[in-house]
Amino acid sequence: MTMKRRDFLKNSALASSVFFVPSFVKAMDGHLLAPTSGFRRLVIIQLTGGNDGLNTIIPYRNDIYFRSRPVLGIKKNNAIRLTDELGFNENMKELKELYDNGNLCVINNVGYPNPDRSHFRSTDIWHTASGSEKVLNTGWVGRFLDNHADKAHEAIEIGNSLSLLMKGKTLNGTATLNPRLLHRIAADPYFDTVLSNNHDSHLSEHNMGYLYRTMIDAKQSASYIYEKVKVYKSDANYSSRSLGRQLRTIAQFINSGLNTKVYYASFSGFDTHAGQPRKQGKLLKEYSEGISTLVKDLKKNNTFKDTLILTFSEFGRRVEQNAANGTDHGAANNVFVIGDSLRKPGLFNGAPDLTDLDDNGDIKYEIDFRSIYANILEDWLQVPTDSILTRPVPPVRIV
Amino acid sequence: MDVKHIYHLYRRAAFGILPQDAESKTTLSRKQVVDELFKASRDTTPLEIDQGPFPAYFAMDRRDRKRKLGELVMENKDLRLTYARAFMERMLNPIEPLNERMTLFWMSVFVCHDIIPPYVQQYNNTLRKHALGNFKHFTLAVAKEAAMMRYLNTNLNLKGHPNENFARELMELFMLGPGNYTEDDIKEAARAFTGWAHRIDGTYFLRPFQHDNGVKSFMGWEANLNGDDVINIIAKKRECARFISTKIYRYFVNDMVNEDHVEEMVEVFYGNYNIKKLMRYVFMSDWFYDEINIGSKIKSPMDLFASIYLLVPYEFTGEKEMVFLQRLLGQIPLDPPNVAGWEGGQSWIDTNTMMTRLKLPSLMIGKGMIPTGTFRDQFIEVAERPYGNRLKVEENWEPFDKMADGLSSEELIQTVVACPLPEGTREMITQMYKGDKRDLVIQLMSLPEFQLT
C-alpha cells in the first residue's frame with residue numbers, strides 16, 4: 001500500500017509524542033479506561049481453502065444432492081437433524097448446542113455477482129468487500145480502522161503475518177501469535193534511539209515510510225497488549241492445534257479488556273479436491289469444538305454478550321463431486337453468525353436451490369456478503385457504512 | 001562500473017557481493033560485469049542429498065515392496081529438513097549465484113509443495129535446470145513433475161471426471177494471470193491434461209485410457225488438444241510474456257511496475273521465451289540502475305538471511321532453528337503458504353515480522369542485544385536472547401574482522417546498507433561509533449533501512 005505524506009506526518013507526530021514519555025503505557029492511559037462492558041467487538045474466522053458448505057449444512061432430503069454426490073453425499077442418519085430438510089455435519093454437535101440455545105444464525109447461499117473461483121482473488125473480494133470486477137488494496141476492517149480507530153492494536157490478526165482484510169489506507173491492524181515475545185523484542189532500547197533520531201522528510205518514501213510506520217505501530221501495540229494481557233490466563237480447555245491456540249489467544253485478549261474491536265483468525269485446510277470426507281470431518285470437528293470452548297470461556301467472563309463471531313469461507317464447492325472423492329471450487333456458501341443478541345437465530349433462509357445452478361454447476365448467491373458486513377457495521381459496531389463499504393448495500397437484519 | 005551499481009546488481013541478481021570483490025570489478029564495463037555474472041552460471045550443479053531407503057524402494061519390483069510408501073515417508077521425515085537445510089546453505093554459498101537466485105525466483109512462480117523427499121529434490125533440480133532456459137519448455141517440465149502433479153491433483157484428473165485444479169492454476173498463477181481466460185478455457189484445458197500420471201520413481205507417463213481424446217475448444221482452437229498443446233497455445237498470447245516479465249520486474253527491479261520498462265521486456269521475451277536473454281536485457285538496461293530502483297525493494301526473509309551471512313557467516317547448530325526463523329518471518333522456501341506462493345513486497349512486513357527482522361541480526365551474530373554505545377544497556381532485562389535456548393546459532397566473525405580492517409566506516413555502511421542513509425540515521429550512527437566495527441555492523445543491520453535491498 002502507498003502512504004501519503006500527510007498520513008505519515010500524522011502517524012509520526014503521534015509517535016514522537018510517545019517517545020518522550022518513559023513508558024508507552026502512560027501515553028495510553030486514556031485507552032486503559034476503555035470499558036470492558038458494553039464495548040462491542042467482532043471476531044472473524046475464515047475457513048480458508050473453500051469449505052464445502054453442502055456437506056456442512058446437509059440437504060439430506062434432496063435427490064439432486066445424492067445424484068451429484070454418489071460417494072460424498074451424507075445420509076440423514078449420519079447428520080445432526082436441524083429441520084426436515086437440513087442437518088449439520090455429524091462432527092458439529094457443539095454447534096448444534098449453540099443453535100439450540102439461539103446463539104447461532106446460519107445464512108445460506110451467501111456470495112456475490114460473477115463469483116471468482118480463485119482462492120486468492122475470492123479471498124481478496126471477501127477481505128476488501130469489493131465487487132468481483134474491482135480490485136481494492138485496502139480491507140474493509142482496514143477502512144474501519146482508518147475511520148474509527150487510531151491504534152494498530154484495535155484490530156488484531158492472530159497469526160504470523162497480516163492479511164489484506166486488516167490493512168487500511170492510513171492504519172494497519174496488528175499481527176501477532178505470541179504477544180509476550182513481540183513485547184520482549186520491541187522493548188530493545190536501540191529502537192527508541194532509532195525512532196527518536198528519525199526525521200519525517202525521508203519517510204514519505206514508498207517502502208521506507210512503510211517500514212518506519214510499521215515499526216512505530218509494532219512498538220505501541222506490543223507494549224499495550226503485553227501490559228493488558230500479562231495478568232490474565234484462560235483456564236478453558238482449548239485444543240492445542242492451530243485453531244484452538246488462536247481461539248485461546250483471542251479469549252485472553254477479550255477477557256483482558258483489550259480495546260480491540262476486531263479479531264481475525266484464518267483456519268486452513270478446507271481445499272478438499274481429494275479425499276474430502278475424512279479431511280473435512282476433522283476440520284469441522286476442530287472448528288465446532290473450538291468455537292464452543294470460546295463461547296463458554298467468554299460467557300464465564302461475561303464478555304460473550306459483547307462479542308459477535310462471524311465465520312465465512314472464500315467460496316463454497318461444486319455441487320457435483322469429482323473423481324477423487326473431492327469437490328472443486330464453487331460459488332455461494334453458508335455463513336455463520338454467533339452471538340447473544342441475534343434477531344433471527346436458527347436458519348436465516350432456505351437451503352440452496354439445486355435445481356437452479358449457474359453455468360459451472362455451482363450454487364447461485366441469494367444474499368450478498370456485503371449486506372452482512374453492512375448489518376454488522378451499522379447494528380453491531382454502530383458506525384456508518386458509507387466510508388467503509390464502497391457502495392451502498394442494504395443490510396440484512398441478522399444482529 | 002560504479003561500485004554502487006555493482007553492489008546493486010549482485011544484491012538483486014545473486015545474494016550479494018563482498019566489498020573486495022565489488023571493488024575488483026570497478027575497472028570493468030557494465031557489459032563485462034554482466035557477462036561475468038552469466039558466465040559464472042553457465043553450468044548447473046544439481047542439489048542432491050542421500051535419499052536414504054527411497055532409491056532402493058523405487059527400484060524394487062512392485063510385488064517385492066512390503067512397505068507402503070507413506071510409511072517410508074513418515075519414517076524418513078528428517079530427509080525433508082535435511083534437504084531444506086542443504087537448499088538454504090546452497091543459497092548462502094551459491095555455486096552459480098545467478099542461477100541459484102533464479103531458482104528461488106521460480107519457486108515463487110511455480111509454487112509447489114510435497115512431502116516425498118525424492119520428489120522434492122527432483123522438483124527443485126528441475127527449477128535449477130531450467131531457471132535460465134526456455135520458459136515454454138520449463139513450464140512443460142514443471143507440469144510433468146511428480147510433486148506438481150500431486151500438489152495440483154493432475155494425477156487425479158481422469159477422462160470423464162476432469163479435475164480442474166492444475167488447469168486453473170496453470171493459467172492463473174503460472175502463465176497468464178486472471179482476466180486472460182474464461183471458465184470454459186479451464187474446463188477444456190482440464191480435459192487436455194486428463195490421464196497425466198507419474199510412476200513411483202517420480203517419472204512422468206500418460207495413461208492412454210484415462211486421456212480424453214475428444215475435441216476441446218480452447219482459446220479459439222478446436223482440436224484434440226493434449227496438455228503440451230495447451231501450454232503452447234497459452235504461450236502464443238502476448239499476455240503470457242507480459243505476465244512473466246511483470247513478475248520478473250517486480251522481483252528483480254521494483255515492486256512499483258513501470259509499464260514502459262515491462263513493455264521493453266515483453267518485446268525481448270515474447271515468442272522466443274529465452275529467459276537468459278531477458279535477464280541479460282534487464283541487467284544491461286540503464287533503468288535497472290536508476291536511483292529509484294536502488295535500495296528500494298523490501299528484502300525477502302531469504303535476502304535478509306543472505307545479507308547477514310555474506311558479512312558474518314553463521315551456522316544453525318540446532319536442528320529446527322532455521323525453519324523456526326523462516327516460519328517467523330514468513331518464508332519457508334520449500335513450503336509455500338498457499339498455491340499463490342509468497343506475495344512479496346510490503347506483505348513481508350507487518351508489526352510482528354518487522355520487530356523480528358529488526359532483532360534478528362543481534363540474535364544471530366550478536367549477544368541478543370543491539371549495542372547503543374551507552375552504559376545502561378547492560379542493566380536492561382531484555383538484554384538476553386528473547387528466544388532463550390531455542391535459538392542455537394554460531395557466528396563466525398573472523399572473515400569480517402579481516403575484511404573490515406581495510407574499510408572506512410563509510411565504506412562499511414555502503415557494504416551493509418543498500419539505500420542512502422537518511423540524515424537522522426546517519427547522525428545517530430556516527431554518534432554511536434566508537435571504533436568498534438562489529439558493533440557498527442550490528443547497529444546497521446538493526447536499522448529499518450537494512451530491510452531494503
Side-chain angles (χ1 to χ4, degrees), chain A residues 1-2 48-49 116-121 152-153 157 159-162 164 166 172-178 181-182 184-191 193-194 197-199 201-203 205-208 210-212 214-215 217-219 221-222 268 271 273-274 322-324 326 328-329 359-360, chain B residues 153 156-158 160-165 168 172 178 183 187 255-256 296-298 327-330 338-340 345-356 358-359 362 369-372 374 376-377 380-383 386-387 419 422-425 427-428 432 443 446-449 451-452:
Chain A
M1 57 170 287
T2 51
T48 302
D116 201 293
R117 289 165 183 82
S118 147
H119 293 292
F120 325 106
R121 183 62 195 129
H153 64 251
E157 173 161 1
N160 270 330
S161 64
L162 197 71
L164 182 55
M166 313 291 272
N172 286 344
T174 291
T176 184
L177 259 185
N178 183 344
L181 188 57
L182 182 64
R184 289 184 69 180
I185 293 174
D188 193 307
Y190 180 77
F191 301 137
T193 315
V194 170
N197 275 284
N198 87 70
H199 299 287
S201 56
H202 64 283
L203 299 177
E205 286 165 34
H206 174 53
N207 281 333
M208 178 97 85
Y210 182 75
L211 292 170
Y212 266 94
T214 308
M215 184 180 175
D217 286 348
K219 280 188 63 69
S221 319
S268 62
D271 194 16
H273 286 281
N322 65 23
D328 290 329
H329 302 179
D359 294 344
N360 275 291
Chain B
N153 310 123
L156 302 175
N157 183 15
L158 305 177
H161 298 277
N163 184 306
E164 295 171 6
N165 207 5
R168 180 183 304 280
E172 182 186 333
E183 282 293 319
K187 285 184 191 301
D255 50 31
M256 308 269 269
S296 58
K297 262 185 63 75
I298 293 176
R327 176 167 295 121
L328 270 183
L329 296 179
N338 58 47
V339 198
Q346 292 187 351
S347 79
W348 291 126
I349 302 293
D350 55 54
T351 47
N352 202 33
T353 54
M354 183 68 192
M355 295 320 292
T356 310
L358 289 172
K359 190 75 183 176
S362 63
M369 54 173 283
I370 308 162
T372 56
T374 57
R376 63 182 178 124
D377 291 349
I380 289 177
E381 176 224 5
V382 293
Y387 299 99
C419 65
E423 209 40 54
T425 311
E427 267 169 41
M428 179 196 80
M432 281 181 185
Q443 286 160 357
S446 308
L447 290 172
E449 285 81 350
Q451 303 306 322
L452 295 172

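The basis for the numbers below is simple: all heavy atoms, side chains too, and nothing from hydrogens, waters or symmetry mates. Chain identifiers are assigned alphabetically (A, B, ...) following the order of the sequence lines, protein sequences preceding nucleic acid strands; residue numbering begins at 1 within each chain.
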Run the side chain to side chain contact (heavy atoms under 4.5 Å, CB included) check on N172(A) and D350(B) step by step: do they pass?
CA-CA 8 Å; N172(A) 286 344; D350(B) 55 54; over 6 Å; no
Given that the side chain runs from C-beta out, which part of [X] has a heavy atom under 4.5 Å from chain A: side chain, backbone, both or neither?
{"X": "K297(B)", "value": "backbone"}
{"X": "N163(B)", "value": "both"}
{"X": "I298(B)", "value": "both"}

From [atom1] ([X]) to [atom2] ([Y]), nearest 0.5 Å:
{"X": "T214(A)", "Y": "I349(B)", "atom1": "OG1", "atom2": "CD1", "result": "7.0 Å"}
{"X": "R168(B)", "Y": "R117(A)", "atom1": "CZ", "atom2": "CZ", "result": "7.0 Å"}
{"X": "L177(A)", "Y": "R327(B)", "atom1": "CG", "atom2": "CZ", "result": "10.5 Å"}
{"X": "T351(B)", "Y": "H153(A)", "atom1": "OG1", "atom2": "NE2", "result": "11.5 Å"}
{"X": "T356(B)", "Y": "I185(A)", "atom1": "OG1", "atom2": "CD1", "result": "4.5 Å"}
{"X": "E164(B)", "Y": "N360(A)", "atom1": "CD", "atom2": "CG", "result": "7.0 Å"}

M215(A) and L358(B): side chain to side chain contact (heavy atoms under 4.5 Å, CB included), yes or no, with the steps?
CA-CA 9 Å; M215(A) 184 180 175; L358(B) 289 172; 3.7 Å; yes
Name of the residue among E449(B), Q346(B), Q451(B) meeting side chain to side chain contact (heavy atoms under 4.5 Å, CB included) with L211(A)
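So, applying the side chain to side chain contact (heavy atoms under 4.5 Å, CB included) to L211(A) and each of E449(B), Q346(B), Q451(B), only Q451(B) qualifies.
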Candidate pair D255(B) and H206(A), rule side chain to side chain contact (heavy atoms under 4.5 Å, CB included), full reasoning:
CA-CA 10 Å; D255(B) 50 31; H206(A) 174 53; 3.3 Å; yes
H273(A): what forms a ring-ring contact (aromatic ring centres under 6.0 Å, His included) with it, not counting sequence neighbours?
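Expected list: H329(A).
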Would you please name every residue forming a side chain to side chain contact (heavy atoms under 4.5 Å, CB included) with S118(A), sequence neighbours left out?
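Expected list: D116(A), F120(A), R121(A), E172(B).
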Relative to chain B, which segment of N207(A) carries a heavy atom at a distance below 4.5 Å: side chain, backbone, both, or neither?
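Contact with chain B: backbone and side chain both.
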Evaluate side chain to side chain contact (heavy atoms under 4.5 Å, CB included) for Y210(A) paired with M354(B), printing each intermediate quantity in order.
CA-CA 10 Å; Y210(A) 182 75; M354(B) 183 68 192; over 6 Å; no
